[in-house]
Amino acid sequence: TGIRNFAVGDPRQGTVHVTAQELGFALPGSILACGDSHTATVGGLGALGIGVGTSEVEHVLATQTLALTRPRNMRVRFEGRPGPGIAAKDLILRAMGELGVAGGRGCAVEYAGSAIAALPARLTICNMSIELGARLGLIAPDEATFAYVKGREFAPVGEAFARAVASWRGLRSDADAPFEREVAIDCGAIAPQVTW
């Protein structure tokens with residue numbers, strides 16, 4: 001079937017929610033269905049990452065399709081300037097604190113706002129969408145995304161990369177797009193979280 005295998009000992013082998021973006025499999029607009037609950041991590045690149053079970057992995061491999069209930073759409077806007085020491089994990093933990101661990105249940109959550117646009121650690125926010133109860137999380141791709149993807153082993157190169165970027169620029173919600181639920185979080189009010 002032409003499925004590439006990274007054998008034991010291959011330095012490219014690893015957890016899919018890490019290697020997919022490191023190798024350039026996860027590209028803006030792509031859809032990844034993997035047997036890893038944190039596949040949503042790739043949403044930080046504007047990809048749709050869906051964690052599935054073993055039977056669903058088999059179905060995807062056999063048919064290249066996946067039967068899903070359409071998720072509800074939700075947008076969480078992080079506005080304002082985060083204070084010193086505030087990181088991506090603090091933002092998503094604040095969202096969980098305000099919305100609860102089931103606040104995104106059954107949703108595709110788009111993270112947006114001025115703080116997200118300035119955030120370098122977008123993969124962390126989307127990774128923890130699962131702890132918010134969401135099916136997946138994503139952030140619209142932008143210049144930071146394109147710079148991250150460029151030069152990855154399986155990313156397009158040369159003119160193909162330029163054409164891809166031109167297409168990827170259109171992968172964002174319209175300014176007047178309706179969401180079933182929308183939440184705004186003031187980043188200036190977030191205190192750093194202590195994790196052990």
Side-chain angles (χ1 to χ4, degrees), residues 15-21 25-79 88-117 119 121-142 144-145 148-149 164 167-185 187:
T15 304
V16 71
H17 72 260
V18 175
T19 60
Q21 59 268 9
F25 285 126
L27 299 170
S30 62
I31 301 172
L32 286 80
C34 302
D36 176 346
S37 63
H38 287 97
T39 302
T41 303
V42 301
L45 299 176
L48 298 180
I50 304 165
V52 297
T54 306
S55 297
E56 292 168 307
V57 167
E58 180 181 8
H59 182 85
V60 170
L61 288 172
T63 68
Q64 291 295 292
T65 65
L66 183 61
L68 294 173
T69 301
R70 181 179 167 214
R72 292 175 292 131
N73 61 7
M74 176 179 180
R75 179 163 52 191
V76 177
R77 290 182 297 108
F78 290 97
E79 300 294 355
K89 194 167 188 180
D90 297 303
L91 300 185
I92 191 67
L93 287 172
R94 178 57 175 262
M96 290 168 59
E98 288 193 21
L99 302 170
V101 294
R105 186 174 175 186
C107 293
V109 179
E110 178 179 344
Y111 301 101
S114 58
I116 293 295
L119 187 68
R122 299 167 182 189
L123 298 170
T124 299
I125 296 258
C126 291
N127 173 283
M128 292 188 65
S129 296
I130 304 312
E131 279 74 26
L132 186 62
R135 185 74 170 138
L136 59 98
L138 68 127
I139 295 171
D142 61 11
T145 309
Y148 178 87
V149 168
S167 175
W168 296 339
R169 289 187 199 286
L171 298 176
R172 56 189 329 87
S173 295
D174 294 334
D176 61 350
F179 287 85
E180 294 173 53
R181 185 172 186 196
E182 187 155 5
V183 177
I185 295 175
C187 291

For [X] and [Y], which heavy atoms make the closest approach, and how far apart are they?
X: Ala88; Y: Thr124; value: CB-CB, 4.0 Å
X: Ala40; Y: Cys126; value: O-CB, 3.3 Å
X: Gly100; Y: Leu132; value: O-CD1, 3.6 Å
X: Ala108; Y: Pro71; value: N-CB, 3.7 Å
X: Ala26; Y: Val42; value: CB-CG1, 3.5 Å
X: Ala140; Y: Arg172; value: CB-NH1, 3.5 Å

Going by heavy atoms in the side chains, are [X] and [Y] under 4.5 Å from each other?
X: Ile130; Y: His17; result: no
X: Leu27; Y: Trp168; result: yes
X: Arg122; Y: Ile125; result: no
X: Val101; Y: Glu131; result: no
X: Tyr111; Y: Ser129; result: yes
X: Thr69; Y: Arg135; result: no
X: Ile185; Y: Leu91; result: no

How far does [atom1] of [X] sit from [atom2] of [Y], to the nearest 0.5 angstrom?
X: Ile50; Y: Asp36; atom1: CD1; atom2: CG; result: 13.0 Å
X: Leu45; Y: Phe25; atom1: CG; atom2: CZ; result: 14.0 Å
X: Thr145; Y: Arg169; atom1: OG1; atom2: CZ; result: 10.5 Å
X: His38; Y: Leu136; atom1: NE2; atom2: CG; result: 13.0 Å
X: Lys89; Y: Asn127; atom1: NZ; atom2: CG; result: 9.0 Å

Donor-acceptor check, side chain of [X] to backbone of [Y], threshold 3.5 angstrom: yes or no?
X: Arg181; Y: Gly103; answer: yes
X: Asn73; Y: Glu180; answer: yes
X: Thr63; Y: His59; answer: yes
X: Asp174; Y: Asp176; answer: no

For atom CD1 of Ile31, decide whether the heavy atoms of other residues, nucleotides or ligands shown that lie under 6.0 angstrom number more than 12.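 12 or below, so no.
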Begin with the C-alpha distance, continue with both residues' side-chain angles, and end with the deciding distance and a verdict on side-chain contact (heavy atoms from CB on, under 4.5 Å) for Val183 and Met74. CA-CA 8 Å; Val183 177; Met74 176 179 180; 4.2 Å; yes
Enumerate the residue pairs fulfilling salt bridge (charged side-chain N to carboxylate O under 4.0 Å, His left out) with a member in residues 66-79, sequence neighbours excluded, ordered by first and then second residue.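 Counting only pairs at least two positions apart or across chains, the salt bridge (charged side-chain N to carboxylate O under 4.0 Å, His left out) contacts touching residues 66-79 are Arg75-Glu182, Arg77-Glu79, Arg77-Glu182.
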